[in-house]
Amino acid sequence: MPEQPPHRELVRRDLAAEAQRIRLGDLVREHASPLFVLDPARVTDQLAEIRRELPGVGIHFATKSLPHPAVIDAVHAFGASFEVASRGEIDLLERRGVPIAGCLHTHPVKTVADITSAYLRGIRTFVVDSPSEIGKFAGLPCGEVGVLVRLSFPNPGAKSDLSSKFGVAPEHAAALVERCLAARLPVRGFTFHVGSQTTSAEPWQRAIAATLQLMRDLESRHGIRFELLDLGGGFPVPYDEPVPSLAELARGIRPALAAVPPHVRVVVEPGRFVSAPAMMLVTRVIGTNDRPDGRWHYLDDGLYGAYSNIPAEDVHALVFAAAELGVQRIGDDAADRVTRRVLTRTRVPVTLAGPTCDSVDVIARGLPLPPLADGDLLVSPMMGAYTWATATGFNGIAPTPVLVLPAPRDA
Ligand SMILES: Cc1ncc(COP(=O)(O)O)c(C=O)c1O
């Protein structure tokens, strides 16, 4: 069997084809850099893959991962719903005409004002993971609102093990459910998050089995019926290394779901899997220096901006010189292009730093790239999740603009 090219080369080929298709060079010439390029069609593709691989499972897109109007519109047009965690996210969905009643409010810790505001705008399902949260629902009309109990299933293998901050341990969940029932707050079911960027089906299998057992025990003990099992997010995307496909993970998850009783609806809350592939980032070299530890290139975006996913999540999107993708630099003449073609075969280890004054603002060290000069462009794919959403305005640097590609039929 012929040997597979390395992951970076496979990604480079796809990205080069995409850059040609969307005329990336022209877009950057027109809109300057840094620039996010958002393709809503990729959102639809990812949602369709979830629907195909997890048939019958409801989708609530995790708004926090990329709360951009074009993404909200694509998710809504596909027919999926949303997971929200704040008033600001509900505001955004309302402005885009999303029916709020179908959304899940998943933040386990809220103020009474948050709950009241969400209720008044249509939210009917909230999440709790502690006794102190239960009393906050006391003023709402009895029976109209219900909760999901958030369970914690530790997963040290995940990039972000969300169980350390939220969720009640399964062995303490029965007591919490009983306190909800005593307060006449209906418990609609359970939710968990096995951790972001989870690369095996096993954490879902374990969590599903344990939750179904808990549901059976509580249903028979209290004569109640749960209606919802929420598997959370966590589906991975390939950054600097390959990950199992959703098809492969779903092959492991589907058998675990076979034990779900017919009166229980199953939903997922994917964030990264839907939003990450939808955006690429274009940056430019704005300065170069040969320092004692080698060559440094300073870019017009960094850790306090679009690459905020590096410190927050320890994920590392690949970085390509535009020349590797066949995207020419502005002002290149024919002679430059010939030189560049030769240079793209050479690799020099460089440090890439962001534009702020902070010395932690370093995107990558020792990264082998073709020789770069000031003005050259760099491109990172897979930059839609927890990037634009988590960027700061540190040093007074403006947020990186998002250019939304037209839908293929409008192109
Ligand atoms: C409650 C909840 N649901 C869904 C998600 C989305 O997770 P992911 O992006 O890993 O799919 C998150 C992420 O933090 C979350 O907190």
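Sequence positions, counted from 1, serve as the residue numbers for this chain. Both counts, for ligands and for their atoms, begin at 1 and track the order of listing.
Nearest approach of Ala278 to Arg42, heavy atoms of both residues: CA-CB, 3.8 Å. Listed here is the closest heavy atom pair of Tyr119 and Pro141: OH-CG, 3.1 Å.
Against a heavy-atom cut-off of under 4.0 Å, Arg150 is close to the following atoms of ligand 1: 1 (C). Listed by number with element, the atoms of ligand 1 under 4.0 angstrom from any heavy atom of Arg272 are 8 (P), 9 (O), 11 (O). Atom numbering of ligand 1 starts at 1 in the shown order; those under 4.0 Å from a heavy atom of Gly271 are 6 (C), 8 (P), 9 (O), 11 (O). Close contacts of ligand 1 with Glu83, meaning ligand atoms under 4.0 Å from a residue heavy atom, involve 1 (C), 2 (C), 3 (N). Atoms of ligand 1 lying under 4.0 Å from at least one heavy atom of Ser196, given by number and element, are 8 (P), 9 (O), 10 (O). Those atoms of ligand 1 that come under 4.0 Å of a heavy atom in Thr106, given as number and element, are 1 (C). Each of the following atoms of ligand 1 lies closer than 4.0 Å to a heavy atom of Ala62: 4 (C), 5 (C), 6 (C).
Using a 4.5 Å cut-off on side-chain heavy atoms (C-beta onward), Trp204 and Phe153 make no contact. In this structure the side chain of Arg12 reaches within 4.5 angstrom of the side chain of Leu325, judged on heavy atoms. Inter-residue side-chain proximity for Ile310 and Ile363 is flagged as met; some heavy-atom pair is nearer than 4.5 Å.
The nearest protein atom to atom 7 (O) of ligand 1, hydrogens excluded, is given as His193 NE2, 2.8 Å; this is a heavy-atom distance. Given atom 16 (O) of ligand 1, the protein heavy atom at minimum distance is Lys64 NZ, 3.0 Å. When only non-hydrogen protein atoms are considered, atom 4 (C) of ligand 1 lies nearest to Glu269 O, 3.2 Å.
In this structure, the side chain of Thr283 does not engage the main chain of Leu299 through any donor-acceptor pair within 3.5 Å. The main-chain N or O of Val194 is found under 3.5 Å from a side-chain atom of Asn155 such that the two form a donor-acceptor pair.
When non-hydrogen atoms are compared, ligand 1 lies under 4.0 Å from neither the backbone nor the side chain of His107. Residue-level proximity to ligand 1 for Ser65 is absent, since no heavy atom of it falls below 4.0 angstrom.
Look at Tyr386 and you'll find a heavy atom under 4.0 Å from some atom of ligand 1.
Some N or O of Gly234 is nearer than 3.5 Å to an N or O of ligand 1, by distance alone.
Shown here are the ring-ring contact (aromatic ring centres under 6.0 Å, His included) partners of His316, two or more places apart in sequence or in another chain: there are none. Residues that satisfy the side chain to side chain donor-acceptor pair (under 3.5 Å) test with Ser152, not counting sequence neighbours, are absent from this structure.
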